[in-house]
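Beneath this line is the structure, given in structure tokens, with notes to follow.
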Amino acid sequence: MASALAAKMGFNSLMRKQAKNFNVRICTMESDMEFSCENKWKGKDLFDLVCRTLGLRETWFFGLQYNIKDTVAWLKMEKKVLDQEVPKEEPITLHFLARFYPENAEEELVQDITQHLFFLQVKEKILEEEIHCPPEASVLLASYAVHAKYGDYDPNVHKPGFLAEEELLPKRVINLYQMTAEMWEERITACYAEHRGRTRDEAEMEYLKIAQDLDMYGVNYFLIRNKKGTDLLLGVDALGLHIYEPDNRLTPKCSFPWNEIRNISYSDKEFTIKPLDKKTNVFKFNSSRLRVNKLILQLCIGNHDLFMRRRRVDSLEVQQMKAQAREERARKQVERQRLQQEKQLREEAERARDELERRLMQLQDEAHMANEALLRSEQTADLLAEKAQIAEEEAKLLAQKAAEAETEMQRIKVTAIRGQEERRLMEQKMLEAEMLALKMAEESERRAKEAEQLKQDLQEARESERRAKHKLLEITSRAVYTAPGLPADSMPPDLSFSRENLSFDFKDTDMKRLSMEIEKEKVEYMEKSKHLQEQLNELKTEIESLKLKERETPLDVIHNQNTEQGTSKHSNFKKLTLQSTKSRVAFFEEL
């Protein structure tokens, strides 16, 4: 059966070589691409085509990876694609990945597309737990990943539950704490809200700046044995070679920087490292397979070349790329300031509109109140007029009664010629009539005064009514003419921009100013690092009480011990490299 399978694979390979073209599927971290390639194409031809398609110029970090048996391999640039051990099925599947990592992402990664591809790859490695990440750092990294995807936090848009479908934290971190998905989202959102004002590129760079300090960032691990047959791990990264114990991938036992290594070679399964110090013995180790040795050698050569390139003056191509990147950043900064000004003007216009609407509502309320006051004044005037009419009629009635009393008195005087008794009675009646007439006259005078007073009150009420009508007309005039058509000085400024305003010239003064700003940012880096550490410590304190100690992995325990001892990735590397190369070689052989 094996021979039949081999014959079939050989037949497929023969048929592919006889065909003029073959198809390739390239899987990137963001999408897949398919190409039709000529049989004579070398690995470099295909790699350059992918880079041109992506618009990528920093090609030295990347490569095309494929799976072979139980390991991986990288497509060789100088050999034909079909002459290499690529998968036999068509289309051939290759993965476009970062092969080498920078020492400092902020200084080395120039293009936005390079930064974006690194961000996606590092994020996936952290989520897949290929890079160990402590819980507090995982939350902070997740907040930057959310900002890179959604932009600035807006509580009206990013409501609770908007991260329910997102994969943001390693499963190990989620299982380590007694916290619900809502609790994790709340903490991630709290950090996310603090990143307001950053662009997507800035958020991705902040993510990489935090991730590059993780112990397993950029390290490729290989199982090896020293002369004594002890199982160890070899770590290859941008700084050099590191030797680990199999159960501790965080803290190396010894390290060899690239500037201390003179030569690397292998023979069959034995790997040989020659230190720069010729007095120091070479140290050797064995790997499991020849193919692994080839992979180790490729990674060592590539990382060593990049290590030396970083310490030389940039090539003309890199200088041009960095200059273009600086100009692009300056242009984006100017564009961002312009957009910020437009946003500010829109907000001011909206505030002015809201203020006008508030004033209009206030004027309408005042007009309504004045209308009600006018109505009440009219009702009061009508009531006073009615009272004045009643008082006038009562005065007329009293005057009529007074006249009748006067007539009666005259009649009594005429008939007063009667007897003494009748005269006395008549005099008494006359006196009484006079008294009554006097009272009636006083009452008539009082009623007349009261009628006069009521006439004055009526006059005042009509005057109040006239003033109320005048005020109503005045308010109505303000509401109709002032609010809709405001004077020019109270209207928000015009938000339109001419085409001339959208173009900018980059002069020497602008570039000098940009350089000064970059220097200022470098000075502020230490303060930001301190703030970042405080933020991580605060996150750790918040969630520490909910941790389930029994679920900690061995790497979690080692990381906690390193943190308590104040050991970091960089401090440990410096400590190990302070020892002499000879003592480190001897230590490696005695492990």
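Heavy atoms only: backbone and side chains are in, while hydrogens, waters and symmetry mates are out.
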Under the salt bridge (charged side-chain N to carboxylate O under 4.0 Å, His left out) rule, what do E206 and K209 come out as? Steps first, then yes or no, please. CA-CA 5 Å; E206 290 298 324; K209 285 163 62 177; 3.2 Å; yes
Check the pair D237 / N220 against side chain to side chain contact (heavy atoms under 4.5 Å, CB included), numbers first and verdict last. CA-CA 7 Å; D237 70 357; N220 291 279; over 6 Å; no
Take L97 and Q121 through the test side chain to side chain contact (heavy atoms under 4.5 Å, CB included) and record every step on the way to the result. CA-CA 8 Å; L97 297 171; Q121 185 165 330; 3.7 Å; yes
Given the rule in the salt bridge (charged side-chain N to carboxylate O under 4.0 Å, His left out) test, do K149 and E166 qualify, once you have shown the distances and angles that lead to the verdict? CA-CA 11 Å; K149 181 174 181 178; E166 299 287 344; 2.6 Å; yes
Can you list the steps and then say if K79 with D83 is a salt bridge (charged side-chain N to carboxylate O under 4.0 Å, His left out)? CA-CA 7 Å; K79 290 183 65 176; D83 290 343; over 6 Å; no
Assess whether salt bridge (charged side-chain N to carboxylate O under 4.0 Å, His left out) is satisfied between R310 and E103, documenting all intermediate values. CA-CA 9 Å; R310 294 183 192 105; E103 289 182 34; 3.1 Å; yes
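The number of heavy atoms from other shown groups lying within 6.0 Å of CD (E85) does not exceed 12. Counting non-hydrogen atoms of neighbouring residues, nucleotides and ligands closer than 6.0 angstrom, the CD atom of Q319 exceeds 12 such neighbours.
Between Y150 and F162, the distance separating the two ring centers is shorter than 6.0 angstrom. Residues Y101 and F118 bring their aromatic ring centres within 6.0 Å. Between W184 and Y177, the distance separating the two ring centers is shorter than 6.0 angstrom.
One side chain, H195 or S143, offers a donor N or O that lies under 3.5 Å from an acceptor on the other. In this model, a donor atom of one side chain and an acceptor atom of the other lie less than 3.5 Å apart for N562 and T251. Side-chain atoms of H147 and E202 form no donor-acceptor pair, as typed in the model, at a separation below 3.5 Å. Residues H132 and D215 have side chains that never bring a donor and an acceptor to within less than 3.5 angstrom of each other. Looking at T563 and N560, their side chains never bring a donor and an acceptor atom within 3.5 Å of each other. Under 3.5 Å, the side chains of R99 and Q65 contain no donor-acceptor pair of N or O atoms. Side-chain N/O atoms of Q324 and R329 include no donor and acceptor closer than 3.5 Å.
Looking at H158 and L163, their side chains never come closer than 4.5 Å, going by heavy atoms from C-beta outward. At a threshold of 4.5 Å between non-hydrogen side-chain atoms, the residues S267 and T272 do not count as touching. Inter-residue side-chain proximity for Q111 and R57 is flagged as met; some heavy-atom pair is nearer than 4.5 Å. A 4.5 Å side-chain heavy-atom check between Y221 and L234 finds every atom pair outside the cut-off. Looking at heavy atoms from C-beta onward, E167 lies in side-chain contact with L127 at the 4.5 angstrom threshold. By the 4.5 Å heavy-atom criterion applied to side chains, L241 and V236 are counted as neighbours.
Once rounded to the nearest 0.5 Å, the distance linking CG of L141 with CG of L169 reads 9.5 Å. Atoms CD1 and CG, from I224 and N293 in turn, are 10.0 Å apart once rounded to the nearest 0.5 Å. The CZ atom of F96 sits 9.0 Å away from the CD1 atom of I26 when rounded to the nearest 0.5 Å. The CZ atom of R200 sits 12.0 Å away from the CE atom of M205 when rounded to the nearest 0.5 Å. Here NZ of K80 is found 13.5 Å from CH2 of W41. Values are rounded to the nearest 0.5 Å. Taking CH2 of W74 as the reference point, atom CG of L94 lies at 11.0 Å (rounded to 0.5 Å).
Applying the salt bridge (Lys or Arg N to Asp or Glu O under 4.0 Å) test to D231 and every residue at least two apart in sequence or in another chain returns R225. Under the side chain to side chain contact (heavy atoms under 4.5 Å, CB included) criterion, D201 pairs with D112, Q115, T199, E204, K332, not counting sequence neighbours.
Classified by interplanar angle (parallel below 30°, tilted 30° to 60°, perpendicular above 60°), the ring pair H304/W258 is perpendicular.
When atom types are taken as modelled, the side chain of E108 and the backbone of P102 share no donor-acceptor pair closer than 3.5 angstrom. At distances below 3.5 Å, at least one donor-acceptor pair connects side-chain atoms of D152 with backbone N or O atoms of G197. With hydrogens and angles disregarded, no donor-acceptor distance shorter than 3.5 Å links the side chain of Y66 to the backbone of T93. Side chain of Q84 to backbone of K76: a donor-acceptor contact under 3.5 angstrom is found. The backbone N or O of D556 lies less than 3.5 Å from no partner atom in the side chain of R172, so there is not a single donor-acceptor pair. Of the possible polar contacts, none joining the N248 side chain to the E245 backbone as a donor-acceptor pair under 3.5 Å is found. A donor-acceptor contact shorter than 3.5 Å links the side chain of S138 to the backbone of P134. D314 contributes no side-chain N or O that, together with a main-chain N or O of V318, makes up a donor-acceptor pair within less than 3.5 Å. Side chain of D268 to backbone of E270: no donor-acceptor contact under 3.5 angstrom is found.
Remark: R311 is positioned above the aromatic ring of F307, its terminal NZ or CZ atom under 6.0 angstrom from the ring centre and at most 45 degrees off the axis. A cation-pi arrangement is present between R309 and W60 under the rule of less than 6.0 angstrom and at most 45 degrees off the ring axis.
The minimum heavy-atom distance linking E34 with P91 is given by the pair OE2-CG, 4.4 Å. Of all non-hydrogen atoms in F222 and L299, the two that sit nearest each other are CZ-CD1, 3.5 Å. Here the shortest heavy-atom pairing between V110 and E58 reads N-OE2, 2.9 Å. Shown here for N21 and E38, the closest heavy-atom pair between the two residues is OD1-CA, 3.5 Å. A pairwise comparison of heavy atoms in L306 and F100 identifies CD1-CB, 3.5 Å as the closest pair. Of all heavy-atom pairs spanning P87 and I92, the tightest one is O-CG1, 3.8 Å.
For E328 and R331, the salt-bridge test passes: some basic side-chain N is under 4.0 Å from an acidic carboxylate O.
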